Q: 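If you scroll down you'll find the structure; I have some questions about it.
Here is the naming used below: chain letters follow the sequence lines, and residue numbers restart at 1 for every chain. None of the values given here were measured: they were computed from a predicted structure.
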There are 2 protein chains.
Amino acid sequence: MTDHRPGVEAARADTPRFSPLYRQIKGLITRGLQAGEWKPGEPIPSETELAARFGVSQGTVRKAVDELAAENLLVRRQGRGTFVATHHEERTQFRFLRLRPDDGGPPGRMESRILECRRLRAPVEIARALGLRGGETVVFIRRLLSFEQRPTVLDDIWLPGALFRGLSAERLGASVGPLYGLFESEFGVRMIRAAEQLRAVAADREVATLLGVAPGSPLLQAERVTYTYQDRPVEVRRGRYVTDSFHYRSALG
Amino acid sequence: MTDHRPGVEAARADTPRFSPLYRQIKGLITRGLQAGEWKPGEPIPSETELAARFGVSQGTVRKAVDELAAENLLVRRQGRGTFVATHHEERTQFRFLRLRPDDGGPPGRMESRILECRRLRAPVEIARALGLRGGETVVFIRRLLSFEQRPTVLDDIWLPGALFRGLSAERLGASVGPLYGLFESEFGVRMIRAAEQLRAVAADREVATLLGVAPGSPLLQAERVTYTYQDRPVEVRRGRYVTDSFHYRSALG
DNA sequence: TAGTGGTCTAGACCACCGT
DNA sequence: CGGTGGTCTAGACCACTAA
């Protein structure tokens, strides 16, 4: 790279007064990830190699990789290398599902059933959340998650139609792992982070029937917006959780 | 300090195979915080000074402080110094209260009313969560939080009696800031982190009355265990939130 | 044993803050 | 201006993994 000295950067002067070198390196690595230069699950080049490529010291690369690892874009494995994060792994499996059995242990046998999958014009709120122009089509998915045969989660999912061409109930049914793994492998869309808004709601008749609870039962509702690279929203999800013997874990730091 | 070289550490050999130097430094700084060597809101010595005191390089101190800052025990302020975190500040004010108005903006005028404050023998579940022996006394507090005159949060709080001698309704009423600020200043108990379990429940008659909702209304319930240094539990809290126009924010990363 | 990430050092310089 | 944290470097050595 050229012109990455702090002073030079400062001279550029716009919104962020100063962008340190390691952040620029971070940006370059992110660009490589986004462009698919290294695929999920694969290792990226070693720190010394990246340092040579970018013409900076290893310490600077290290700090860039540190941040990317903290954001779960990369995974460090001592003695082996640094790998591109993937949703096809035990460890990342439940990163976005915060529901846990009250008795502690990991969730037991989980079964996913697709109830619906069709295309429709995006409702205004969905379009707004996804940054779509009015009238664009979205893929709508409704699915039911059961733990040990007990229906527990009803998810309604909206995805930008343009990014998920060819997504169908059959395709979903044929897949085994987590949805985000499918999205990553089949559509090249990598879910990076999400924000949820939680509230307690009363189950309406339709939802109550699907979840096997009495109408009016209290349900935990999670409205999620999921983002890919560049903080681009690519999924809206409304989940309803039966919290009789499960709870949603939240860590306050 | 003496004997902090990696090799020496490795030779000690027990559970953690190897404890890097910066973690030991981190432990020493934490001990200072816990012992009250530096008070909340005050600056700790500069990095160079700490490096000299501990006989390590500045970079090693830096990494220790980095972690402590990431855990919100310290706050770095460029050009000024590194300060001991405190609950008496705007920025940390809402660190543990994740409820937000649906319309985005920050919570409006908040009013806290103490409904109850008394001592009682710890119920078994509370005693277990707080690591108390059966029959020890706890302080029980019930309080109501209202936003813009609208009752929104009902908190039941249990604290170890031994740590909070002299805590009374009057004392609570006389205080202005957040509870954790009071606990920090008056009782020397600093809340560091917490874990919550969320579920949807139906309001019973008593709770419904206090919150001004219909009995059976769905409420978001948060069961919190709060920890101080050394991961010692020092508070159990059960909150019930009215989520008609508020939601609980959760970030998935 | 070779290669990777992880730690530690010493020193330089920069950005930011208060005086 | 002096002092603080923030960045960057170059080089050494350690811990871990796989072949």
Q: Got a sec? Which of residues 36-52 of chain B come in under 4.0 Å of DNA chain D, heavy atoms?
A: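 DNA chain D contact set from residues 36-52 of chain B: B:Ser46, B:Glu47.
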Q: Who are the side chain to side chain donor-acceptor pair (under 3.5 Å) partners of A:Arg76, not counting sequence neighbours?
A: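 Only A:Glu47, A:Asp66 meet the side chain to side chain donor-acceptor pair (under 3.5 Å) criterion with A:Arg76.
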Q: Kindly point out which of D:dC16, D:dT7, D:dT17 is positioned nearest to the side chain of A:Gln78?
A: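 Of the candidates, D:dC16 comes closest.
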Q: Parallel under 30°, tilted from 30 to 60°, perpendicular over 60°: which one fits the rings of A:Phe164 and A:Phe187?
A: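 Correct class here is tilted.
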Q: With sequence neighbours excluded, what pairs up with B:His87 under the ring pair (Phe, Tyr, Trp, His ring centres under 6.0 Å) test?
A: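 B:Phe96, B:Tyr180.
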Q: So, is B:Arg80 near the phosphate of D:dG5, with a side-chain N or O under 4.0 Å from OP1 or OP2?
A: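 Result: no.
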Q: According to the ring-ring contact (aromatic ring centres under 6.0 Å, His included) rule, which pairs have a member within residues 62-86 of chain B, sequence neighbours left out?
A: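 Listed by first then second residue: nothing to list.
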Q: The criterion is side chain to side chain donor-acceptor pair (under 3.5 Å); which residues satisfy it with B:Asp103, sequence neighbours excluded?
A: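 Testing B:Asp103 for side chain to side chain donor-acceptor pair (under 3.5 Å), a comparison that skips the adjacent residues, returns none.
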Q: Measure from CG on B:Leu74 to P on D:dT4 and round the result to the nearest Å.
A: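 The distance from CG of B:Leu74 to P of D:dT4 comes to 16 Å, rounded to the nearest Å.
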Q: How many whole angstroms separate atom CZ of A:Phe83 from atom C1' of D:dA18?
A: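 Going from CZ in A:Phe83 over to C1' in D:dA18 covers 11 Å.
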Q: Whole Å only: how far is the CD1 atom of B:Ile25 from the P atom of C:dT7?
A: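 Answer to the nearest Å: 14 Å.
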Q: Could you work out, with salt bridge (Lys or Arg N to Asp or Glu O under 4.0 Å) as the rule, every residue matching B:Lys63, not counting sequence neighbours?
A: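 In terms of salt bridge (Lys or Arg N to Asp or Glu O under 4.0 Å), with neighbours along the sequence ignored, B:Lys63 is linked to no residue.
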Q: What residues from residues 57-69 of chain B pass a heavy-atom cutoff of under 4.0 Å to DNA chain D?
A: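 Listed by number, they are B:Arg62.
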Q: Can you name the salt bridge (Lys or Arg N to Asp or Glu O under 4.0 Å) partners of B:Arg128, sequence neighbours left out?
A: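 Partners of B:Arg128 under the salt bridge (Lys or Arg N to Asp or Glu O under 4.0 Å) test: none.
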Q: A:Arg76 CZ to D:dT17 C1': how many Å, rounded?
A: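 Result: 16 Å.
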Q: Is the shortest side-chain N/O distance from A:Arg77 to OP1 or OP2 of C:dG5 below 4.0 Å?
A: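 For C:dG5, OP1/OP2 do not have a side-chain N/O of A:Arg77 under 4.0 Å.
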Q: Who pairs with A:Ser175 by side chain to side chain donor-acceptor pair (under 3.5 Å), at least two apart in sequence or on another chain?
A: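 Once residues adjacent in sequence are excluded, A:Ser175 has no partner under the side chain to side chain donor-acceptor pair (under 3.5 Å) criterion.
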Q: From OH of A:Tyr22 over to P of C:dC14, roughly how many Å is that when rounded to an integer?
A: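 Computing the A:Tyr22:OH to C:dC14:P distance gives 18 Å.
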Q: Stepwise, does the salt bridge (Lys or Arg N to Asp or Glu O under 4.0 Å) test hold for A:Arg193 with A:Glu235?
A: CA-CA 11 Å; A:Arg193 69 171 192 93; A:Glu235 179 195 53; over 6 Å; no
Q: Distance check needed: D:dA10 P versus A:Leu21 CG, whole Å only.
A: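 Distance check: A:Leu21 CG to D:dA10 P gives 11 Å.
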